[in-house]
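Quantities reported herein were computed from a predicted structural model and do not represent experimental measurements. All chains are named by letter (A, B, ...) in the order of the sequence lines, taking the proteins before the strands, and each is independently numbered beginning at 1.
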Amino acid sequence: MNIIISASPFTEFRRQCEKLLQKTLEKTLPDLAAYKVTLEIPPNPQFGELTSRICFEISKHLSETPIRLAKQIETEANLGKSEFPMIESVEAAGQGYLNFHVNFPELSSLTVKSAKTLDGEYGHVKTESPEKIIVEHTSVNPVHPIHVGSARNSILGDSLARILSARGHKVFRHYYIDDVGRQSSIVAYGYKMLGRPRPSAKPDHFIGAIYAITNCLLEIRRLKALLNRQTGSLNYNNMQKARMDLDDWVAVAVDLQQRFPNIFNSLLDAMEKIEDPESEINALMRRYEMGNKEAVEIIREVTSICLEGFKQTLKRANIFFDSWDWESSFIWSNAVAKCLNSLKRTPYVFHRGDVLEFDAEGVARDLKLKSTFGLKETYEVPSLTLGRSDGTTLYTTRDIAYSIWKFRRAEKVINVIGMEQKLAQLQLKLALCALGYAEEAKRLIHFGYSLVNFPGQKISGRRGRYITLDEVMDEAVLRAYEEVKKRSEDMADEEKRKISEQVGIGAVKYALIETDPLKPVIFTWDRVINFERNSGPYIQYSYARACSILRRASRHVEDADFSLLKEPVERELILMVARFPEVFVEAADNLKPNIIADFANALADKFNTFYAALPVVKAETQELSDARLLLVNAVRITLRNALDLIGIEAPERM
RNA sequence: GGGCCCGUGGCCUAGUCAGGAUAGGGCAUCGGCCUCCUAAGCCGAGGGUCAGGGGUUCAAUUCCCCUCGGGCCCGCCA
């Protein structure tokens with residue numbers, strides 16, 4: 001049963017070990033042959049390439065120690081291993097482990113040839129049950145630029161989409177344009193007061209300034225009015241809080257005035273003449289939802305300007321979407337109203353004052369959904385307000401209609417949204433259940449991640465307090481260019497620029513993807529722009545070194561004697577390349593892009609060790625050189641394919 | 001007050017879901033390595049009561065309970 005190539009070489013070894021173990025069990029301990037055999041990666045090469053703890057398990061049922069059972073199985077297994085060419089030997093060890101040693105020449109040959117033949121597809125093992133999956137990500141409100149915090153969303157979402165697509169799913173990348181919220185009305189209002197100016201900077205940066213300033217001036221007015229109106233109704237604590245908020249916003253105003261004096265002063269002048277800007281904004285929001293021509297024109301105009309900026313940023317980051325979904329379209333098509341009406345017919349909607357509330361707790365309790373959604377039975381789900389008293393809609397309500405729309409196009413929906421929206425996503429799922437979409441709700445996945453913040457301070461779009469992804473990419477690319485210049489003076493400037501783009505952006509992407517999404521990230525320039533070990537550029541550099549070796553060899557090798565690869569580091573490299581497909585499957589099926597980043601980094605590490613220790617082109621013999629060249633090629637392909645999954649480009653020189 | 005998430009050497013981080021053989025990396029510190037495939041590199045050294053305390057187990061960083069520390073949520077914001 002000699003296999004020439006495999007989508008997952010290490011899995012072939014795993015299967016053979018499983019079969020051998022199963023057969024041996026049937027022979028030696030027939031009563032326990034039904035035992036499910038599982039194999040794990042041992043912590044150290046001396047314990048082989050796969051290990052089983054089955055003897056610890058079965059010894060519980062027999063009056064025999066694990067190690068004695070292991071010895072018994074060892075003897076029998078070694079007698080029966082001849083029909084399994086990938087197994088070198090089986091040995092009992094420690095307190096009762098069964099360690100399986102791989103036949104390295106076999107594994108090497110299979111791995112190297114598989115990588116070479118499958119090339120761009122190596123490691124991207126296809127699922128047996130492909131699904132249509134919508135990945136909704138980024139969806140930054142179109143009122144300020146994409147900042148480093150939202151960039152974490154974009155990069156995670158893009159990577160998830162790449163991984164699921166490589167897994168063989170039909171993936172659709174959707175951007176949800178929130179043009180209906182209050183924030184859009186605020187920025188449109190400010191834009192209108194400025195006389196609908198043409199952007200004097202990058203479109204989204206320009207809109208971001210208008211938004212932050214308008215919002216800031218509104219907040220200051222509101223707080224001043226609150227404090228003046230005073231006092232009997234406000235207790236001491238509320239007064240204190242309002243005063244502190246006001247101080248905070250005044251500081252923001254000072255900052256914004258300094259950064260954008262023209263916009264700030266124009267808006268300040270214009271706004272002072274307005275009696276009640278707050279109600280004008282509310283009116284704009286109301287008219288927009290009703291489809292009023294003027295309101296639609298102004299809000300769509302502002303939103304489009306901002307989106308134009310997003311598209312520039314995302315294009316540079318090599319992130320693309322299949323669909324841009326306008327939230328307003330779900331209101332204008334009456335989809336939101338229909339949803340609301342259906343919800344009203346369930347027993348889970350009640351009045352509170354002027355507004356309707358959705359009894360999320362009631363649904364969870366009656367339909368016994370608490371354990372389904374991982375909730376404690378004693379936890380009471382807060383109710384959800386479905387609309388404003390002026391008749392306008394609220395975000396989560398609109399999201400119900402949008403979710404149903406998404407499920408008409410896909411079997412699974414993954415929403416990449418910050419952890420802070422966990423409750424809203426839960427309420428959304430419960431609303432879907434109430435409407436009879438329980439199966440859909442179970443296939444709605446909230447891929448949550450924690451925020452990126454500054455040391456001691458939060459990122460805040462509303463305060464204009466952020467570092468844009470554009471700035472971060474600019475700075476990273478600039479620093480990368482300095483490095484490239486140092487190393488490759490003779491290179492054409494155009495190529496230097498291209499490589500700097502790839503390296504700088506690779507650094508940023510890696511930094512935002514390598515940390516477990518559940519953990520908060522504190523932004524520092526050195527964290528996000530790192531070119532040393534454990535970084536995107538480090539992996540890219542390793543890839544470039546592999547390319548360089550193959551270039552220098554300047555000969556084509558078809559096959560080689562892989563038994564010549566005897567050095568421990570060579571074997572570890574083979575193993576990592578062989579295991580890449582299993583790592584990929586784990587990352588894809590558990591939605592864990594960061595383990596791809598981890599793997600790529602570990603492989604780069606191992607490759608650099610190999611690079612420093614062993615000559616390839618000038619190996620002792622031509623035969624050894626051939627075998628190493630094929631190994632380098634397999635590593636090269638694996639590094640590139642792993643980088644591709646996290647959206648990082650692989651330059652052949654740097 | 002209630003709920004969710006996180007806590008691993010000075011700093012950052014993997015491993016925890018599916019408990020097992022000396023807890024992997026990186027930064028910083030110290031000491032080495034460019035007549036040889038790119039030194040964005042490699043080799044070596046020191047540094048850990050895996051927040052603390054109980055429990056389950058032959059075995060706990062991993063599972064359960066409690067405490068402490070940090071983040072997030074409980075809006076007619078998104």
For A:K606, side chain to side chain contact (heavy atoms under 4.5 Å, CB included) partners two or more places apart: A:V569, A:E572, A:L573, A:M576
So, using side chain to side chain contact (heavy atoms under 4.5 Å, CB included) as the criterion, who are the partners of A:E357 when residues are at least two apart? A:F350, A:R352, A:V355, A:S383, A:T385
Is the backbone N or O of A:A92 less than 3.5 Å from a side-chain atom of A:E74, with the two atoms forming a donor-acceptor pair by type? yes
Per the under-4.0 Å heavy-atom filter, residues of residues 370-378 of chain A near RNA chain B come out as A:K376
Give me the distances for all protein-to-nucleotides 66-68 of chain B N/O pairs that come in under 3.5 Å?
none

Quick one: is the NZ or CZ of A:R497 closer than 6.0 Å to the six-membered ring centre of A:Y481, and within 45° of its axis? yes
Aromatic ring of A:Y97 stacked on base six-ring of B:A21, 5.5 Å, 30°: yes
Base, sugar-phosphate or nothing for A:R552? Non-hydrogen atoms, less than 4.0 Å. sugar-phosphate
B:G24 to B:C65 separation - P atoms, rounded to the nearest Å: 29 Å
Output a table of donor-acceptor pairs, distance under 3.5 Å, between side-chain atoms of residues 609-625 of chain A and any protein atom two or more places apart or on a different chain; print 'none' if there are none.
{"residue": "A:T609", "atom": "OG1", "partner": "A:D605", "partner atom": "O", "Å": "3.2"}
{"residue": "A:T621", "atom": "OG1", "partner": "A:L624", "partner atom": "N", "Å": "3.0"}
{"residue": "A:S625", "atom": "OG", "partner": "A:R555", "partner atom": "NH2", "Å": "2.6"}
{"residue": "A:S625", "atom": "OG", "partner": "A:V616", "partner atom": "O", "Å": "2.8"}

Any salt bridge between A:K485 and A:E482, counting N to O under 4.0 Å? yes
Has A:S450 got a side-chain N or O lying under 4.0 Å from the OP1 or OP2 atom of B:C5? no
Which part of the nucleic acid, if any, lies within reach of A:V503 when heavy atoms closer than 4.0 Å are counted: base, sugar-phosphate only, or nothing? base
Considering every strand and a 4.0 Å limit on heavy-atom distances, what is the contact class for A:R653: base, sugar-phosphate, or nothing? base
Taking any heavy-atom pair under 4.0 Å as a contact, classify A:Y538: base, sugar-phosphate, or nothing. sugar-phosphate
With A:N530, which residues qualify under side chain to side chain donor-acceptor pair (under 3.5 Å), at least two apart? none
Picking from B:U13, B:C42, B:C37, the nucleotide nearest the side-chain atoms of A:R533 would be B:C42
For ring-ring contact (aromatic ring centres under 6.0 Å, His included), just list the numbers for A:Y176 and A:Y402, CA-CA rounded to whole Å, side-chain angles, deciding distance to a tenth of an Å, and then say yes or no. CA-CA 9 Å; A:Y176 188 42; A:Y402 181 43; 3.9 Å; yes
For RNA chain B, determine which residues of residues 506-514 of chain A have any heavy atom closer than 4.0 angstrom to one of its atoms, and list them numerically. none
Just call it for A:Q46: base, sugar-phosphate, or nothing, with non-hydrogen atoms closer than 4.0 Å on any strand. base
According to salt bridge (charged side-chain N to carboxylate O under 4.0 Å, His left out), who are the partners of A:R398, at least two apart in sequence or on a separate chain? A:D178, A:E327
Base, sugar-phosphate, or nothing for A:T392, non-hydrogen atoms under 4.0 angstrom? nothing
In B:C5, glycosidic geometry as syn within 90° of 0 or anti otherwise: anti
List the atom pairs, with distances to 0.1 Å, where a side-chain N or O of residues 448-459 of chain A and a protein N or O form a donor-acceptor pair under 3.5 Å, not counting sequence neighbours.
{"residue": "A:Y449", "atom": "OH", "partner": "A:N153", "partner atom": "ND2", "Å": "3.1"}
{"residue": "A:S450", "atom": "OG", "partner": "A:L518", "partner atom": "O", "Å": "2.7"}
{"residue": "A:N453", "atom": "OD1", "partner": "A:I459", "partner atom": "N", "Å": "3.0"}
{"residue": "A:Q457", "atom": "OE1", "partner": "A:R465", "partner atom": "NE", "Å": "3.3"}

Sugar-phosphate only, base, or nothing, as touched by A:N215 at under 4.0 Å among non-hydrogen atoms: nothing
As a test of reading the structure: which of B:A39, B:G25, B:U8 is closest to the side chain of A:K519, going by heavy atoms? B:U8
A:E57: partners by side chain to side chain donor-acceptor pair (under 3.5 Å), with sequence neighbours left out: none
Is it the case that B:U22 (base atoms only) and A:N44 (side chain only) share a donor and an acceptor within less than 3.5 Å, ignoring hydrogens and angles? yes
Using a cut-off of 6.0 Å, state whether more than 12 heavy atoms not belonging to A:R68 lie near its atom CZ. no
Scan A:A602 against the nucleic acid and name what it touches under 4.0 Å (heavy atoms): base, sugar-phosphate only, or nothing. nothing
Candidates A:I186, A:L218, A:T214 - the one meeting side chain to side chain contact (heavy atoms under 4.5 Å, CB included) with A:P277: A:L218
Is there a donor-acceptor pair closer than 3.5 Å between any side-chain N or O of A:N601 and the backbone N or O of A:A597? no
A:R527 side-chain N/O to B:C27 phosphate OP1/OP2 under 4.0 Å: no
Classify A:E532 by what it touches in the nucleic acid, base, sugar-phosphate, or nothing, heavy-atom distance under 4.0 Å. sugar-phosphate
Side chain of A:N601, heavy atoms from C-beta onward: which of B:G25, B:G3, B:C42 has the nearest atom to it? B:G25
By side chain to side chain donor-acceptor pair (under 3.5 Å), A:E380 pairs with (sequence neighbours left out) none
Do A:F47 and the base of B:A21 stack face to face, with centres under 5.5 Å apart and an angle between planes under 30°? yes
Students often get this wrong, so: under 4.0 angstrom with heavy atoms, is A:V381 touching a base, only sugar-phosphate, or nothing? nothing
Using a cut-off of 4.0 Å on non-hydrogen atoms, how would the nucleic acid contact of A:L614 be classed: base, sugar-phosphate, or nothing? base
Please list, pair by pair, any protein nitrogen or oxygen found under 3.5 Å from a nitrogen or oxygen in nucleotides 72-78 of chain B.
{"residue": "B:C72", "atom": "OP1", "partner": "A:K458", "partner atom": "NZ", "Å": "3.0"}
{"residue": "B:C76", "atom": "OP2", "partner": "A:T385", "partner atom": "OG1", "Å": "2.9"}
{"residue": "B:C76", "atom": "O2", "partner": "A:S389", "partner atom": "N", "Å": "2.9"}
{"residue": "B:C76", "atom": "O2", "partner": "A:S389", "partner atom": "OG", "Å": "3.2"}
{"residue": "B:C76", "atom": "N3", "partner": "A:S389", "partner atom": "OG", "Å": "3.0"}
{"residue": "B:C77", "atom": "OP2", "partner": "A:R388", "partner atom": "NE", "Å": "2.6"}
{"residue": "B:C77", "atom": "OP2", "partner": "A:R388", "partner atom": "NH2", "Å": "2.9"}
{"residue": "B:C77", "atom": "O2", "partner": "A:R462", "partner atom": "NH2", "Å": "2.6"}
{"residue": "B:A78", "atom": "OP1", "partner": "A:R388", "partner atom": "NH2", "Å": "3.2"}
{"residue": "B:A78", "atom": "OP1", "partner": "A:R398", "partner atom": "NH2", "Å": "3.4"}
{"residue": "B:A78", "atom": "OP2", "partner": "A:Y395", "partner atom": "N", "Å": "3.2"}
{"residue": "B:A78", "atom": "O3'", "partner": "A:D178", "partner atom": "OD2", "Å": "2.1"}
{"residue": "B:A78", "atom": "O2'", "partner": "A:N141", "partner atom": "ND2", "Å": "3.2"}

